[in-house]
Amino acid sequence: MPSSQRPLLDELLDCPPALLDTTFDQLRTLLVVYETGSALRAARALGREQSSVQKQLDTLNRNCQALCGEVLTLRQGRGKDFLFTPTGENAARLARATLREWLDAVHWSRRRLGRMLTVGTTEFTLPIVSRAWDRVAEELRQREVEFKVVHVRTKDLWSRLESKEVDLICGTIVSTPGGDRRLRDYDVVEYARGRAMLLTNLAERELPGDRARTSELPALPLVVPQAGLIADFLAGWYGPNFRDRLNVVADIDDVHYGFSLLRSGFVRGCMIVTASIGRRMAERIEPGETPLRSMELHDDLEPKAELMTGAFVRKADLARYDAGHPLNRLWDAVREDARIYTAAPGP
């Protein structure tokens with residue numbers, strides 16, 4: 001009978017000893033060698049002796065030779081990376097999938113049982129998490145809840161939410177008056193709304209006034225992030241191929257690099273930023289740097305859009321857990337923090 005038609009129990013009872021002796025630790029070592037290329041670099045990454053890593057590789061190669069008729073890795077000479085055989089390439093893919101599924105399952109169980117809580121936050125929304133955590137920290141420490149904070153870049157906010165890598169996330173999104181259908185599965189605590197501003201190193205004679213319109217952007221030299229909030233704004237106003245319609249003088253991956261470009265004077269142009277960041281950067285003057293100024297950006301295009309800063313959590317998770325679950329307790333703390341924060345008088 002073909003193996004695919006054999007009862008599962010018979011197959012399990014007939015597993016080769018060499019396969020049963022393979023450990024997660026060995027699979028992890030194989031993957032680290034695959035990623036780094038050598039036993040020496042893998043040993044450094046793992047904090048082990050090279051001889052220990054090589055011993056695990058030798059064991060895996062010997063067992064694989066007995067099981068499949070081919071080793072996993074081949075040495076190519078001193079100083080050269082290991083060569084992974086076709087069997088080795090397949091084993092690395094299987095090891096990666098196996099470890100990822102097990103880790104995901106462990107994390108899911110720990111979250112379900114209230115033993116682990118993972119929160120994502122951007123650099124600018126970290127205070128939200130910090131204040132909320134202070135409200136429940138002692139309670140959750142006594143319950144021995146493992147609390148992890150993950151730095152999330154604004155451009156990755158949606159992917160982190162959708163992939164369920166975090167339980168709760170704080171950040172800023174582009175919001176439209178009609179609402180965002182992407183949020184239908186999330187509970188949202190809103191902290192602030194605001195419009196974008198223009199930050200520029202162009203002199204008054206080059207760009208006069210303290211206000212610009214979004215319809216005037218094609219006439220301005222722009223420093224534009226590859227993805228994220230500002231890219232979302234521009235795509236809403238000028239379509240997904242907005243770069244073809246605008247004068248983009250610099251593409252950036254990080255907003256801080258954009259600030260450096262403008263302050264250096266190496267690039268002359270404008271960046272769209274949040275109002276708080278725009279004012280902060282314009283007020284900061286360092287010797288030898290090109291001064292920056294912020295300009296109000298009047299939205300005269302459709303659809304109208306605003307920046308919304310808040311906290312987001314999946315509705316299904318809140319409903320799945322009881323009121324005493326760490327996620328619900330932290331979410332209650334976020335709500336209370338937002339109530340106090342939004343009620344406080346402005347400066």
Side-chain angles (χ1 to χ4, degrees), residues 1-118 144-148 150 159-160 162-167 314 316-317 320-321 325-327:
M1 178 184 297
S3 60
S4 61
Q5 298 179 19
R6 294 174 59 193
L8 176 59
L9 180 60
D10 289 349
E11 289 191 62
L12 293 175
L13 295 176
D14 199 29
C15 279
L19 180 61
L20 296 176
D21 290 341
T22 302
T23 66
F24 280 164
D25 188 40
Q26 290 173 336
L27 294 181
R28 185 181 70 153
T29 296
L30 180 70
L31 279 176
V32 176
V33 171
Y34 185 80
E35 294 296 330
T36 61
S38 74
L40 177 59
R41 289 192 289 272
R44 289 171 179 167
L46 291 166
R48 295 180 176 177
E49 295 295 329
Q50 182 180 353
S51 58
S52 172
V53 171
Q54 188 60 58
K55 182 177 179 181
Q56 285 190 315
L57 278 182
D58 291 342
T59 300
L60 286 169
N61 277 330
R62 184 169 58 252
N63 288 345
C64 191
Q65 178 73 56
L67 287 167
C68 307
E70 183 177 47
V71 295
L72 301 174
T73 62
L74 296 170
R75 297 192 189 196
Q76 300 191 91
R78 186 177 181 83
K80 294 185 178 180
D81 287 356
F82 280 105
L83 174 66
F84 273 68
T85 66
T87 300
E89 292 278 351
N90 191 46
R93 285 193 294 271
L94 287 171
R96 181 179 289 107
T98 298
L99 288 171
R100 180 173 291 132
E101 287 186 14
W102 268 91
L103 286 171
D104 287 347
V106 169
H107 290 161
W108 180 85
S109 292
R110 287 175 61 80
R111 287 171 176 171
R112 178 178 60 83
L113 296 171
R115 305 296 297 173
M116 176 180 170
L117 199 58
T118 303
E144 298 183 346
V145 176
E146 180 186 352
F147 181 67
K148 295 174 62 177
V150 179
S159 62
R160 290 296 187 95
E162 292 166 358
S163 63
K164 301 183 180 180
E165 295 178 49
V166 294
D167 299 295
R314 288 177 291 276
D317 287 348
R320 181 181 299 117
Y321 306 136
H325 189 278
L327 179 59

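- Of the possible donor and acceptor atoms, one in the side chain of His325 sits under 3.5 Å from a partner among the backbone N and O of Arg111.
- Atom OG in Ser109 sits 11.0 Å away from atom CG in Asp104 (nearest 0.5 Å).
- Exactly one of Thr85, Asn61, Thr87 qualifies for a side chain to side chain contact (heavy atoms under 4.5 Å, CB included) with Thr73. That residue is Asn61.
- Across all non-hydrogen atoms, the minimal contact from Thr36 to Ala42 is OG1-N, 3.4 Å.
- Under 4.0 Å is where a charged nitrogen must lie from a carboxylate oxygen, and between Glu146 and Arg115 no such pair does.
- Checking each of Leu74, Asn90, Val33, Val71 against Phe84 for a side chain to side chain contact (heavy atoms under 4.5 Å, CB included) leaves exactly one that passes, namely Val33.
- Proximity of a side-chain donor or acceptor of Asp167 to a complementary backbone N or O of Thr118 within less than 3.5 Å is detected.
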Before you tell me yes or no, could you show the steps for Arg28 and Gln56 under side-chain hydrogen bond (donor to acceptor under 3.5 Å, both in side chains), namely the whole-Å CA-CA distance, both residues' side-chain angles and the distance that decides it to 0.1 Å? CA-CA 10 Å; Arg28 185 181 70 153; Gln56 285 190 315; over 6 Å; no
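- Taking 4.0 Å as the cut-off between side-chain N and carboxylate O, Lys164 and Asp317 do not count as a salt-bridged pair.
- Here the closest non-hydrogen pair linking Thr29 and Arg48 is OG1-NH1, 3.5 Å.
- For the pair Pro326 and Leu117, the tightest heavy-atom approach, listed with the atom from each and the gap, is O-CD2, 3.8 Å.
- For CZ of Arg320, the number of neighbouring non-hydrogen atoms (other residues, nucleotides, ligands) closer than 6.0 Å is greater than 12.
- Atom CD of Gln54 sits about 10.0 Å away from atom OG1 of Thr59, to the nearest 0.5 Å.
- One distance of note links CZ of Arg44 with CD of Gln50; it measures 8.5 Å at 0.5 Å rounding.
- Taking the charged nitrogens against the carboxylate oxygens, Asp58 and Lys55 have no contact shorter than 4.0 Å, which rules out a salt bridge.
- Between Phe82 and Gln76 the shortest side-chain heavy-atom distance does not fall below 4.5 Å.
- In this structure the side chain of Gln26 never reaches within 4.5 angstrom of the side chain of Asp21, judged on heavy atoms.
- Smallest separation of non-hydrogen atoms from Leu72 and Cys64: CD2-SG, 3.4 Å.
- When all heavy atoms of Gly114 and Val145 are compared, the closest pair comes out as O-CG2, 3.4 Å.
- Taking each heavy atom of Leu31 and Ala92 in turn, the nearest pair found is CD2-O, 3.3 Å.
- In this structure, the separation between CH2 on Trp108 and CG on Leu113 is 8.0 Å, given to the nearest 0.5 Å.
- To the nearest 0.5 angstrom, Thr22 atom OG1 is 10.0 Å from Leu30 atom CG.
- Interatomic distance, CG of Leu27 versus CG of Leu60, reported as 7.0 Å (0.5 Å rounding).
- Under the 3.5 Å distance criterion, with hydrogens and angles disregarded, no donor-acceptor pair is assigned to the side chains of Glu49 and Ser51.
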